[in-house]
Amino acid sequence: MPGFELFGSAEQKEVHDVLDSGILMRYGFDAMRNGHWKAKELETELQTQMQVKHAQLVSSGTAAVSVALAIAGVGAGDEVILPTFTFVASFEAVLMLGAVPVLVDIDSTLTLDITAVKNAITPKTKAIMPVHMCGGMAHLKELKEICKTHNLKLIEDACQAIGGTYEGKPLGSYGDVGCFSFDFVKTITTGEGGAIITNNDDYATWADHYSDHGHDHEGSDRGAETHPFLGYNFRISELHAAVGLAQVKRLNDFIAIQKKHYTVLKEALSAIPELTFRTIPEEGVENYSFLNFFLTDLETTTAAMTALKEAGIDGCFHYYNNNWHYVRKWEHLKHAKTLFPMPANTKEVLSSLSSKTFEKSDYFIARNISCLIKLSWTDEEVKLRASKMVEAIKSVL
């Protein structure tokens, strides 16, 4: 999955440019930076590759989701619909803005179930946030129609899915605003970092200001800039941006390698009749960062995970008991464990999660195995891995 596997001279060259100038901050110090503006260059490259008008770099994927929600007008008391299968950052960003995460069931896409979304809409709903987990996507066309009908914002958390497409559009560009993560284990990495993309001019301006303490970035004297509204510090450094600049130029190569390895594994596993694959909507193309499949039941899946480990197959995940990615283990969310007082209505919604059941989500996650796709495998290693996976899974069926 991660681009760090193929670090090389391109990344080193971009970083050395920054070290030679000594300017690590993305703003200011114009005369000292020898013409190097790595963050600006990366934003321009993202705009081109993601086919959008605007890209704004920030310090992490979590920051990207937080800024995306803020510029979409999500705030105190608003409800944001998101899936039970995601990363904790998704609901953390919602809560940070004083909004309320409303978790709903997933379907065989491993993200939002359309019926569950419709049933969760209330007068307080402000946005729907599909999370493109493991490189795939939800039924975005249906979600966009729901947003249009109810005057809601569609915010794509594409942190795990850069390089995928839907209806020919890059994931992240289909909704009102999209988010990417560039942490150390994403398809492309900056070490720590993220980005927001959008075609909305106002959103772009607000993201630019909000992520840098509200600075308007007018003129060439940073100290003279005004603050049209309150903001926070979600800036990325030039060092992080330099790594990302080299990586994003290699994105298509990374996706091609992932697809090649993914295809070998999928073709081998297709010979197992009891095994079915995660649904990718007809209009979508995943980014091939994970191969996701379902077995017959929880017991068989648990046994298959043991067999895979015993066969020396790493990088396979069964999220049913995972602490980071599935609602069953989010005790800190269910019990609203915070360091500061939380609004009573938010605590009430979160406490209801302790008694709420998600049978449909359990049905899919209990049977799912998610296998990451490495860039560094040789062709021989992929073929050997495929045969070992087939043998291990067949042994428990």
Check: So, is the end of the Lys186 side chain (NZ or CZ) under 6.0 Å from the ring centre of Phe180 and within 45° of the ring's axis?
Finding: no
Note to self: I'd like to know if Arg367 and Asp297 make a salt bridge, using a cut-off of under 4.0 Å between side-chain N and carboxylate O.
What the structure shows: no
Notebook entry, point to check: Are Tyr319 and Trp324 an aromatic pair by the rule of ring centers under 6.0 Å?
Noted result: no
Next item on the list: Rounded to the nearest 0.5 Å, what's the gap from CZ on Phe234 to CG on Asp212? Could you check?
Entry: 11.5 Å
Check: Under 6.0 Å from the CZ atom of Phe29, do we count more than 12 heavy atoms belonging to anything else shown?
Finding: no
Note to self: Let's go through Thr226 and Asp216 carefully: what are the C-alpha distance in whole Å and the side-chain angles of both, what is the deciding distance for side chain to side chain donor-acceptor pair (under 3.5 Å) to 0.1 Å, and is it a yes or a no?
What the structure shows: CA-CA 6 Å; Thr226 63; Asp216 65 8; 2.5 Å; yes
Note to self: Would Lys141 pass as a cation-pi partner of Tyr166, given that its NZ or CZ must be under 6.0 Å from the six-membered ring centre and within 45 degrees of the axis?
What the structure shows: no
Checklist line | side chain to side chain donor-acceptor pair (under 3.5 Å) evaluation trace for Glu156 with Tyr174 | finding: CA-CA 8 Å; Glu156 292 181 75; Tyr174 192 84; over 6 Å; no
Item checked: Hphob cluster co-occupancy, Tyr203 + Val58, side-chain heavy atoms under 4.5 angstrom -> yes
Note to self: Quick check on salt bridge (Lys or Arg N to Asp or Glu O under 4.0 Å): which of Asp107, Asp105, Asp113 does Lys360 satisfy it with?
What the structure shows: Asp113
Next item on the list: Measure from the ring center of Phe4 to the ring center of Phe184 and say whether it is less than 6.0 Å.
Entry: yes
Check: Is there a donor in the side chain of Asn199 and an acceptor in the side chain of His54, or the other way round, less than 3.5 Å apart?
Finding: no
Note to self: Does this structure show an ion pair linking Glu145 with Lys148, if we count only N-O contacts that are shorter than 4.0 Å?
What the structure shows: no
Notebook entry, point to check: Counting distance only, does the side-chain N/O of Asp183 pair as donor-acceptor with the main-chain N or O of Val185 below 3.5 Å?
Noted result: yes
Check: Counting distance only, does the side-chain N/O of Asp176 pair as donor-acceptor with the main-chain N or O of Leu154 below 3.5 Å?
Finding: yes
Notebook entry, point to check: Same hydrophobic cluster for Phe85 and Leu143, using side-chain heavy-atom links shorter than 4.5 Å among ILVMFWY?
Noted result: no
Check: Atom CG in Leu42, atom CD in Gln49: separation rounded to 0.5 Å?
Finding: 9.5 Å
Note to self: Within a 6.0 Å radius of atom OH on Tyr232, are there more than 12 heavy atoms belonging to other residues, nucleotides or ligands?
What the structure shows: no
Item checked: Candidate pair Lys394 and Ile272, rule side-chain contact (heavy atoms from CB on, under 4.5 Å), full reasoning -> CA-CA 7 Å; Lys394 280 185 174 180; Ile272 304 175; 4.1 Å; yes
Check: So if you build clusters from Ile, Leu, Val, Met, Phe, Trp, Tyr with side-chain heavy-atom gaps below 4.5 Å, do Leu350 and Phe358 land together?
Finding: yes
Next item on the list: Identify the heavy atoms of Lys126 and Gly73 that sit nearest to each other, and give their distance.
Entry: NZ-O, 2.7 Å
Next item on the list: With side chain to side chain donor-acceptor pair (under 3.5 Å) as the test, would you mind laying out the steps for Tyr326 and Asp362 before giving the verdict?
Entry: CA-CA 9 Å; Tyr326 188 52; Asp362 283 346; 2.6 Å; yes
Item checked: Atom of Leu375, atom of Ile257 and distance for their closest heavy-atom approach -> O-CG2, 3.7 Å
Item checked: Heavy-atom donor-acceptor pair, Ser370 side chain to Phe317 backbone, under 3.5 Å -> no
Checklist line | Donor-acceptor under 3.5 Å (Arg250 side chain, Leu6 main chain) | finding: yes
Item checked: Verdict with reasoning, Tyr320 to Asn368, per side-chain contact (heavy atoms from CB on, under 4.5 Å) -> CA-CA 8 Å; Tyr320 190 69; Asn368 169 250; over 6 Å; no
Note to self: Do His217 and Asp208 pair up side chain to side chain, a donor and an acceptor below 3.5 Å, judged on atom types alone?
What the structure shows: yes
Check: Is it true that a side-chain atom of Thr357 and a backbone atom of Glu359 form a donor plus acceptor pair closer than 3.5 Å?
Finding: no
Next item on the list: Any chance you could lay out the side chain to side chain donor-acceptor pair (under 3.5 Å) test for Gln160 and Ser289, step after step, and finish with the verdict?
Entry: CA-CA 8 Å; Gln160 286 195 2; Ser289 55; over 6 Å; no
Check: In terms of side-chain geometry, is the basic nitrogen of Asp314 or Lys374 positioned less than 4.0 Å from the acidic oxygen of its partner?
Finding: yes
Notebook entry, point to check: Can Arg33 be said to sit on top of Trp37's aromatic six-ring, NZ or CZ under 6.0 Å from centre and within 45° of the ring axis?
Noted result: yes
Notebook entry, point to check: Quick one: do Asp78 and Lys153 make a salt bridge, cutoff under 4.0 Å?
Noted result: no
Check: Would you say the ring centroid of His215 lies under 6.0 angstrom from that of His227?
Finding: yes
Item checked: Carboxylate-amine/guanidinium contact Glu310 Lys388, below 4.0 Å -> no
Next item on the list: Tell me, please, which residues at least two apart from Lys260 pass salt bridge (charged side-chain N to carboxylate O under 4.0 Å, His left out).
Entry: Asp379
Checklist line | Side chain Glu238, main chain Leu24, donor-acceptor under 3.5 Å | finding: no
Next item on the list: Using atom types as modelled and distance alone, determine if a side-chain donor or acceptor of Arg278 lies under 3.5 Å from a backbone N or O of Phe293.
Entry: no
